[in-house]
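To start, the structure under review is shown below, and the notes come after it.
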Amino acid sequence: MRKAPEGSQDPGPDEQAPSGSGLARVSCHEDLVKALAEQFARADVSLRELQARADRAGGVRLPRATCADMLAGRRFPKKALMVAFLRACRVPEPQIPAWERTWERVRLTRMPLGQDPTTDSSTGAPPEDQRRTAGGTPPEGRGRRWTVGGAPAEDRRTVGGARPAGRGRRRAIVLAGAITVVVGVGLVLTAALRGGMSEGLPGDIVDVGHIVSDDGRAFGGGGSSRFTVTVSPANTGVRLIRRLDVGVPLQHATITVNGAPAGAWRPLLGDDLYKWRNQIVELPPHLTAGRRSLTIVNASVGSSDFNEFRYIVKHKVDDVWSIIDTIDIGPDHTADEAMHGYRIVGQGWLGTQTFAYPPRTEDWNIE
């Protein structure tokens with residue numbers, strides 16, 4: 001992952017968006033959901049941060065619930081919302097037109113035969129400003145209700161020509177089917193996209209932002225890792241935040257900063273359901289003040305393997321905490337490792353895992 005500029009709270013993405021040729025293979029809503037979820041995974045930020053970025057940029061807002069529905073396939077997004085989402089994910093501006101063309105192509109595939117292209121693609125109904133005449137009356141009479149097919153509900157028939165068996169029963173069947181498809185298919189597809197279900201995911205995840213696929217490394221007792229990060233010499237405090245897999249319990253390692261003892265990664269209890277955690281260690285201020293860089297060494301002192309997937313460095317300058325540096329660990333991020341002088345001794349594992357953070361925000365949010 002790229003190093004954030006000094007004082008920045010928005011670390012940039014470490015990968016580019018799909019090329020035009022990749023988007024050309026997107027032919028349906030399901031494909032579009034996969035492509036958007038891939039951008040969210042590459043951005044490697046929370047839905048809260050995407051919302052904040054959109055608010056800072058002005059224009060279209062990105063409510064977290066709306067983004068979660070879009071990424072789970074629960075609703076087809078409006079084009080403006082999708083574009084705002086992509087820009088918040090730091091997709092390069094020259095690639096936006098290809099996404100817009102892709103959205104238009106998929107929207108056409110979602111229209112029932114004969115539907116007016118000016119209808120709302122997410123509901124099939126006429127846009128709000130077309131649902132009433134100048135006099136404020138619904139088209140063709142106030143009593144008619146618009147349906148997904150674009151025709152009034154009173155005119156619909158089943159394939160055999162008969163009316164549905166009953167409104168209440170029909171609505172119950174549609175609602176049950178929609179819930180099953182959205183929760184089951186949406187989560188499975190999103191999780192599979194982010195690197196494969198290495199261990200399986202909890203079935204009650206609603207916010208897909210809690211699901212993360214990441215590559216990393218691990219070392220056993222007597223092993224260590226070493227890397228150098230950037231801070232401001234004006235800092236009055238530095239926090240080191242590590243993403244780890246607590247499916248391996250009781251990981252314990254000491255920390256040194258520029259050769260001086262600086263603390264430890266205390267053992268955490270294991271969790272076989274929600275395996276991602278962000279563990280935070282605050283480094284002693286006298287070891288970080290006045291320095292532009294810190295060389296960190298983690299040395300395992302426990303019996304469990306010590307794993308590491310990503311480190312985020314936050315420093316305090318003028319009483320404000322902000323992200324100053326990030327290092328992504330793993331075989332898919334060797335360039336980032338090299339930029340930070342990463343070294344590992346006694347490596348026992350490397351690979352990619354797809355897990356979920358716990359539902360409670362405080363267990364995974366670093367903002």
Side-chain angles (χ1 to χ4, degrees), residues 13 15-44 47 50 60 62-89 91 95-115 117 119-125 147-150 173-198 200-213 352 354-356:
E15 298 179 58
Q16 297 294 311
S19 64
S21 60
L23 289 174
R25 293 191 291 270
V26 174
S27 60
C28 62
H29 184 200
E30 179 181 308
D31 292 342
L32 184 62
V33 168
K34 290 181 180 180
L36 290 171
E38 182 178 354
Q39 295 315 303
F40 180 61
R42 287 175 170 172
D44 199 20
L47 293 178
L50 290 185
V60 177
L62 287 177
R64 283 174 287 166
T66 302
C67 288
D69 286 345
M70 177 180 68
L71 291 171
R74 288 189 282 266
R75 68 170 66 182
F76 187 75
K78 294 182 181 297
K79 186 197 293 186
L81 179 79
M82 182 194 73
V83 170
F85 171 83
L86 293 169
R87 284 173 174 152
C89 287
V91 171
Q95 296 181 10
I96 297 298
W99 283 93
E100 293 178 313
R101 291 191 296 271
T102 299
W103 180 93
E104 292 162 1
R105 183 174 65 252
V106 173
R107 177 175 180 265
L108 289 175
T109 68
R110 291 172 50 80
M111 289 183 181
L113 186 62
Q115 180 176 318
T119 57
D120 187 330
S121 63
S122 63
T123 65
T147 67
V148 174
I173 292 173
V174 171
L175 179 60
I179 292 174
T180 300
V181 171
V182 166
V183 176
V185 176
L187 291 178
V188 169
L189 286 176
T190 304
L193 169 68
R194 297 187 178 189
M197 293 188 186
S198 54
L201 293 166
D204 59 346
I205 299 176
V206 176
D207 188 343
V208 295
H210 291 201
I211 303 172
V212 174
S213 181
T352 299
T354 300
F355 297 137

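For the single chain, residues carry numbers from 1 onward in sequence order.
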Is there a side-chain contact between I96 and V83, using heavy atoms and a 4.5 Å cut-off?
-> yes
Salt-bridge criterion met for E38 and K34 (N-O under 4.0 Å) | no
Heavy-atom pair of closest approach, residues A88 and L62 | CB-CD1, 3.7 Å
Within-4.5 Å side-chain heavy-atom neighbours: V33 and E30 | no
Can you find a pair of side-chain heavy atoms, one from F40 and one from L50, that are under 4.5 Å apart?
-> yes
Please examine the side chains of L23 and Q95, heavy atoms only from C-beta on, and report whether any two atoms are closer than 4.5 Å.
-> no
Pairwise distance OG1(T354) to CD1(I211) - rounded to 0.5 angstrom | 9.0 Å
Nearest atoms (heavy-atom pairs only) where W103 meets K78 = NE1-C, 3.9 Å
Looking only at non-hydrogen atoms, find the nearest pair between R105 and V26 and report the distance.
-> NH2-O, 2.8 Å
Taken to the nearest 0.5 Å, the spacing of M70 CE from L47 CG works out to 9.0 Å
Output for pair (M82 CE, T102 OG1), nearest 0.5 Å, gives 7.5 Å
Note, Q39 side chain near L86 side chain (heavy atom, < 4.5 Å) | yes
Please examine the side chains of F85 and V60, heavy atoms only from C-beta on, and report whether any two atoms are closer than 4.5 Å.
-> no
